[in-house]
Colleague: 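Take this structure first; my questions come after.
Side chains are part of it too, since the values below use all heavy atoms of this structure and drop only hydrogens, waters and symmetry mates.
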Amino acid sequence: AAFAQPLDLYRENIEYGIPNLITSDCMLHIYHLMYDKVIKKVEKQRLIGELDAFTEASFKKAIEIYNGTGEKRAKKAAFKNICYFGIGMRILNIDLPGGIPLDANRIMDNDVKKVRERWGSGTSEIFPYRLDYKRYTSKGYYSRLTEFNNYYTAMMWYGSAPFMFETYDDIGSPKILDEQVAMAVI
């Protein structure tokens with residue numbers, strides 16, 4: 001007989017009085033199912049809301065800094081942070097407030113399109129390095145519900161598009177990325 005889940009075999013054996021041999025792969029499967037259920041519950045009840053709050057607060061702070069400074073480098077870093085967290089807000093389907101610089105909207109539109117369409121390797125105007133836009137393809141239970149898909153994609157955005165403080169030039173010499181440092185500081 002075909003069984004939908006490995007545990008169905010054990011249930012049938014109990015029903016017919018047949019002794020079960022509990023194997024380590026069965027125990028690992030049960031552990032995996034329990035772990036999956038706990039992670040889903042924690043993400044749904046807590047982490048999704050926390051990510052939304054973090055993203056909104058970071059975006060608002062970037063706008064505040066952008067509007068409150070006249071210093072050229074700080075304003076540019078704040079502008080890029082508006083784009084960075086604005087992309088997170090768009091991925092999470094959080095409405096953006098008014099008063100966003102037009103160029104920021106254009107940059108956000110371009111990157112969100114690349115994220116949603118899983119473009120492959122490409123550049124972003126926010127970072128001085130290439131991003132792998134294929135990484136944002138959700139898997140497993142993240143792909144089944146929009147809320148989980150958006151959460152996964154936003155977490156991947158924040159995790160795979162980091163502020164890099166140092167890189168190396170063509171001959172292997174380190175190069176400090178001042179703009180990235182400024183973005184992280186503000």
Side-chain angles (χ1 to χ4, degrees), residues 1-16 18 20-62 80-97 100 104-105 107-127 129-164 183-184:
F3 299 100
Q5 291 289 326
L7 297 178
D8 293 342
L9 171 64
Y10 292 102
R11 285 190 196 103
E12 185 177 284
N13 285 351
I14 290 169
E15 188 178 311
Y16 290 111
I18 300 170
N20 280 315
L21 172 65
I22 309 296
T23 59
S24 59
D25 63 324
C26 177
M27 295 307 297
L28 287 171
H29 180 70
I30 291 169
Y31 175 78
H32 178 75
L33 293 175
M34 289 173 33
Y35 176 80
D36 239 17
K37 188 172 186 171
V38 168
I39 291 296
K40 276 191 253 188
K41 186 175 182 177
V42 169
E43 286 174 335
K44 184 160 183 68
Q45 291 179 356
R46 182 95 190 250
L47 296 180
I48 290 172
E50 299 233 352
L51 179 62
D52 288 353
F54 163 78
T55 300
E56 282 189 87
S58 299
F59 181 81
K60 287 177 183 173
K61 188 66 175 174
K80 288 194 173 192
N81 279 351
I82 290 169
C83 297
Y84 181 72
F85 291 109
I87 290 165
M89 287 182 66
R90 287 206 176 150
I91 290 168
L92 293 166
N93 290 326
I94 299 171
D95 291 333
L96 294 170
I100 300 168
N105 273 313
I107 291 169
M108 287 186 278
D109 287 344
N110 288 340
D111 273 355
V112 168
K113 181 179 181 175
K114 291 174 186 176
V115 166
R116 297 253 187 248
E117 295 178 1
R118 279 72 167 163
W119 270 33
S121 182
T123 58
S124 167
E125 291 180 59
I126 303 171
F127 301 106
Y129 53 85
R130 297 179 71 76
L131 296 174
D132 181 5
Y133 290 97
K134 285 189 278 186
R135 302 180 115 169
Y136 305 111
T137 304
S138 58
K139 299 159 187 73
Y141 71 88
Y142 292 111
S143 65
R144 293 184 199 119
L145 294 172
T146 301
E147 182 179 34
F148 281 118
N149 182 49
N150 294 345
Y151 168 77
Y152 175 89
T153 305
M155 288 298 289
M156 285 300 295
W157 170 252
Y158 291 135
S160 65
F163 300 120
M164 220 188 259
M183 287 171 67

Colleague: Among L96, D95, V115, whose side-chain contact (heavy atoms from CB on, under 4.5 Å) with R90 holds?
Modeller: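 That would be L96.
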
Colleague: Measuring from atom CG of N150 to atom CD1 of I91, what distance do you get when rounded to the nearest 0.5 angstrom?
Modeller: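 Separation between the atoms: 8.5 Å.
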
Colleague: List in chain and number order the residues that pass side chain to side chain donor-acceptor pair (under 3.5 Å) with Y141, two or more places apart in sequence or in another chain; answer none if no residue qualifies.
Modeller: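 Only E43 meet the side chain to side chain donor-acceptor pair (under 3.5 Å) criterion with Y141.
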
Colleague: Return the set of residues passing side chain to side chain contact (heavy atoms under 4.5 Å, CB included) with T23 (not counting sequence neighbours), or none when no residue passes.
Modeller: Y10, L21, D25, C26

Colleague: Sequence neighbours left out, what passes side chain to side chain contact (heavy atoms under 4.5 Å, CB included) with E15? Give chain and number order.
Modeller: none

Colleague: Could you tell me if Y84 and D111 have a donor-acceptor pair between their side chains, going purely by distance under 3.5 Å?
Modeller: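 Side-chain D/A pair, D111 to Y84: absent.
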
Colleague: Could you pull out all residues at least two apart from D36 that satisfy salt bridge (charged side-chain N to carboxylate O under 4.0 Å, His left out)?
Modeller: none

Colleague: To the nearest 0.5 Å, tell me how far I100 CD1 sits from M89 CE.
Modeller: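 Here the rounded value is 7.5 Å.
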
Colleague: Which heavy atom of S124 sits nearest to which heavy atom of Y133, and what is that distance?
Modeller: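 Closest heavy-atom pair between S124 and Y133: CB-OH, 3.5 Å.
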
Colleague: When the side chains of residues 51-60 are checked against the rest of the protein, which donor-acceptor pairs come out under 3.5 Å, sequence neighbours left out?
Modeller:
residue: T55; atom: OG1; partner: L51; partner atom: O; Å: 2.8
residue: T55; atom: OG1; partner: Y158; partner atom: OH; Å: 2.9
residue: S58; atom: OG; partner: F54; partner atom: O; Å: 2.9

Colleague: With K113, which residues qualify under side chain to side chain contact (heavy atoms under 4.5 Å, CB included), at least two apart?
Modeller: E117, W119

Colleague: According to side chain to side chain contact (heavy atoms under 4.5 Å, CB included), who are the partners of I18, at least two apart in sequence or on a separate chain?
Modeller: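 For I18 the side chain to side chain contact (heavy atoms under 4.5 Å, CB included) partners, ignoring immediate neighbours, are N13, Y16.
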
Colleague: Just jot down the side chain to side chain donor-acceptor pair (under 3.5 Å) partners of T137, sequence neighbours excluded, or say none.
Modeller: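 For T137 the side chain to side chain donor-acceptor pair (under 3.5 Å) partners, ignoring immediate neighbours, are R118.
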
Colleague: Name all residues meeting the side chain to side chain donor-acceptor pair (under 3.5 Å) criterion together with N81; count only those two or more places apart in sequence or in a different chain, and write none if there are none.
Modeller: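 If we apply the side chain to side chain donor-acceptor pair (under 3.5 Å) test to N81, skipping adjacent residues, there are no hits.
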
Colleague: Applying salt bridge (charged side-chain N to carboxylate O under 4.0 Å, His left out), can you list everything that pairs with D132, at least two apart in sequence or on another chain?
Modeller: none

Colleague: What are the two closest non-hydrogen atoms of Y129 and A161, and how far apart are they?
Modeller: OH-C, 3.4 Å

Colleague: Let me confirm one number: the OH-OG distance from Y151 to S138, rounded to the nearest 0.5 Å.
Modeller: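 Going from the OH atom of Y151 to the OG atom of S138 covers 13.0 Å.
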
Colleague: Side chains of I30 and M34, heavy atoms from C-beta outward: is any pair under 4.5 Å?
Modeller: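 In contact.
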
Colleague: Would you mind listing every salt bridge (Lys or Arg N to Asp or Glu O under 4.0 Å) that reaches into residues 144-160, with sequence neighbours excluded?
Modeller: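 Counting only pairs at least two positions apart or across chains, the salt bridge (Lys or Arg N to Asp or Glu O under 4.0 Å) contacts touching residues 144-160 are K44-E147.
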
Colleague: Between OH of Y152 and CZ of R135, what distance do you get to the nearest 0.5 Å?
Modeller: 9.0 Å

Colleague: Mind checking the CD1-CD1 spacing from I82 to I87? Nearest 0.5 Å is all I need.
Modeller: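 CD1 of I87 is found 12.0 Å from CD1 of I82.
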
Colleague: If I compare all heavy atoms of F148 with all of K40, which pair ends up nearest, and what's the gap?
Modeller: CZ-O, 3.8 Å

Colleague: How far apart are the closest heavy atoms of I22 and M27, and which atoms are they?
Modeller: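 Looks like CG2-SD, 3.6 Å.
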
Colleague: Just jot down the side chain to side chain donor-acceptor pair (under 3.5 Å) partners of S121, sequence neighbours excluded, or say none.
Modeller: R130

Colleague: To the nearest 0.5 angstrom, please state how far the CZ atom of R46 sits from the NZ atom of K41.
Modeller: 13.5 Å

Colleague: Looking at H29 and Q5, what are the two nearest heavy atoms and their distance?
Modeller: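 Minimum heavy-atom separation between H29 and Q5: NE2-OE1, 3.5 Å.
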
Colleague: Taking the six-membered ring for Trp, are Y31 and Y35 parallel (under 30°), tilted (30 to 60°) or perpendicular (over 60°)?
Modeller: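 Judged by the thresholds at 30° and 60°, the geometry between Y31 and Y35 is parallel.
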
Colleague: Are any side-chain N or O atoms of K114 and backbone N or O atoms of T123, one a donor and one an acceptor, separated by less than 3.5 Å?
Modeller: yes

